[in-house]
Amino acid sequence: MAGVAAKHSGVSIDQDFAECGEVLVDKIQIQQVMLNLVRNAVEAMANSPRKLLTLKLLPQVGEIEMSVSDTGPGLTVSARDRLFSPFSGTKDAGMGIGLSVCREIIESHGGRISAGENADGGTVFRFTLPFVRNDDGG
Ligand SMILES: Nc1ncnc2c1ncn2[C@@H]1O[C@H](COP(=O)(O)OP(=O)(O)OP(=O)(O)O)[C@@H](O)[C@H]1O
Ligand SMILES: [Mg+2]
């Protein structure tokens with residue numbers, strides 16, 4: 001999916017998916033989250049000389065962490081304050097609901113989502129999803 005979004009925009013993809021434990025998710029909803037984050041990343045890099053989308057999946061304590069990084073201009077201060085609020089987008093096209101939907105989905109799965117600066121320039125979004133608990137008598 002990311003490949004399709006990226007291909008038409010001259011974006012290269014670097015991906016690193018580590019072996020992780022199992023998570024129990026609504027696949028369509030998590031696909032929606034990934035699609036929103038990838039679309040944002042690709043859109044952010046529209047005018048960047050360097051267009052690299054990095055997707056990483058890492059096991060953490062009790063959860064997995066997925067990150068989507070871009071080499072775009074980074075978040076503006078005003079965007080950062082209202083990032084996950086609905087209708088706060090800064091684009092002419094787009095309702096500005098992508099990230100609010102992402103947050104709703106991730107939090108309903110017991111995870112967290114946040115944004116930060118990509119060390120490499122640009123923005124990184126990270127979300128977590130808790131591992132399936134295998135305790136008896138649950
Ligand atoms: N990777 C990114 N780099 C820079 N700014 C970003 C990035 N992702 C999101 N933003 C900023 O956050 C705002 C909100 O993003 P969000 O996905 O919620 O809405 P949108 O992309 O504007 O519209 P929609 O997703 O509804 O089509 C964007 O308008 C943009 O200003
Ligand atoms: Mg969006």
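Just so you know, ligand 1 is whichever comes first in the structure, and atom 1 is the first atom listed for that ligand.
Screening the protein for N, O or S atoms under 2.8 Å from the Mg ion (ligand 2) yields 1; no waters enter the count.
Looking at atom 18 (O) of ligand 1, its nearest protein heavy atom turns out to be Leu99 N, 2.8 Å. Looking from atom 27 (O) of ligand 1 to the surrounding protein, the closest heavy atom is Arg39 NH2, 3.2 Å. In this structure, the protein non-hydrogen atom closest to atom 29 (O) of ligand 1 is Thr90 N, 2.7 Å. With hydrogens left out, the protein atom closest to atom 21 (O) of ligand 1 is Lys91 NZ, 2.8 Å, a heavy atom. For atom 13 (C) of ligand 1, the closest heavy atom belonging to the protein is Gly89 CA, 4.1 Å. Summary of contacts: the protein heavy atom closest to atom 23 (O) of ligand 1 is Gly96 N, 3.0 Å. Of the protein's non-hydrogen atoms, the one nearest atom 10 (N) of ligand 1 is Leu75 CD2, 3.8 Å. Nearest protein neighbour of atom 17 (O) of ligand 1, counting heavy atoms only, is Asn40 ND2, 2.8 Å.
No donor-acceptor pair under 3.5 Å is formed between the side chain of His109 and the backbone N or O of Thr128. Remark: the backbone N or O of Gly122 is not paired with any side-chain donor or acceptor of Asp70 at under 3.5 angstrom. For the pair Thr76 (side chain) and Ala79 (backbone), a donor-acceptor distance under 3.5 Å is present.
When all heavy atoms are compared, the tightest approach of Ile113 to Cys102 is CD1-CB, 3.9 Å. In terms of heavy-atom proximity, Leu129 sits nearest to Val23 at O-CG1, 3.9 Å. Closest approach of Pro59 to Cys20, counting heavy atoms only: N-SG, 3.6 Å. The two residues Ala115 and Phe125 come nearest to each other via the heavy atoms CB-CE2, 3.5 Å.
Contact annotation for Phe125 and ligand 1: only side-chain heavy atoms (C-beta onward) come within less than 4.0 Å of the ligand. If you look at Thr123 next to ligand 1, the close heavy atoms, those under 4.0 Å, all belong to the side chain. Under 4.0 Å from ligand 1, not a single heavy atom of Thr76 appears.
Rounding to the nearest 0.5 angstrom, the gap separating the CG atom in Asn36 from the CZ atom in Arg103 is 14.0 Å.
Residue Asp70 approaches ligand 1 through these ligand atoms, each under 4.0 Å from one of its heavy atoms: 1 (N), 2 (C), 3 (N). Listed by number with element, the atoms of ligand 1 under 4.0 angstrom from any heavy atom of Gly94 are 23 (O), 27 (O). Close approach to Ala44 involves these atoms of ligand 1, each under 4.0 Å from a residue heavy atom: 1 (N), 2 (C), 3 (N), 4 (C). Of all atoms in ligand 1, listed by their number and element, those nearer than 4.0 Å to a heavy atom of Leu83 are 12 (O).
Heavy-atom proximity to atom 4 (C) of ligand 1, evaluated over Gly74, Gly98, Ser85, is greatest for Gly74.
Looking at residues two or more places apart in sequence or on another chain, you find a side chain to side chain donor-acceptor pair (under 3.5 Å) between Glu63 and Arg112. Arg82 meets the side chain to side chain donor-acceptor pair (under 3.5 Å) test with no other residue; sequence neighbours excluded.
No heavy atom of Arg82 sits closer than 4.0 Å to any atom of ligand 1.
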Audit row: Leu37, Phe127, side-chain contact (heavy atoms from CB on, under 4.5 Å) steps and yes/no: CA-CA 10 Å; Leu37 295 179; Phe127 66 82; 3.8 Å; yes
Could you check Ile106 against Gln29 for side-chain contact (heavy atoms from CB on, under 4.5 Å), going step by step and ending with a plain yes or no? CA-CA 9 Å; Ile106 294 302; Gln29 289 190 355; over 6 Å; no
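Note on residues 39-62: pairs passing side chain to side chain donor-acceptor pair (under 3.5 Å), not counting sequence neighbours, are Asn40-Lys91, Glu43-Lys91, Arg50-Asp120.
Proximity of Phe17 to Met66: side-chain heavy atoms (C-beta onward) are separated by under 4.5 Å at one or more points.
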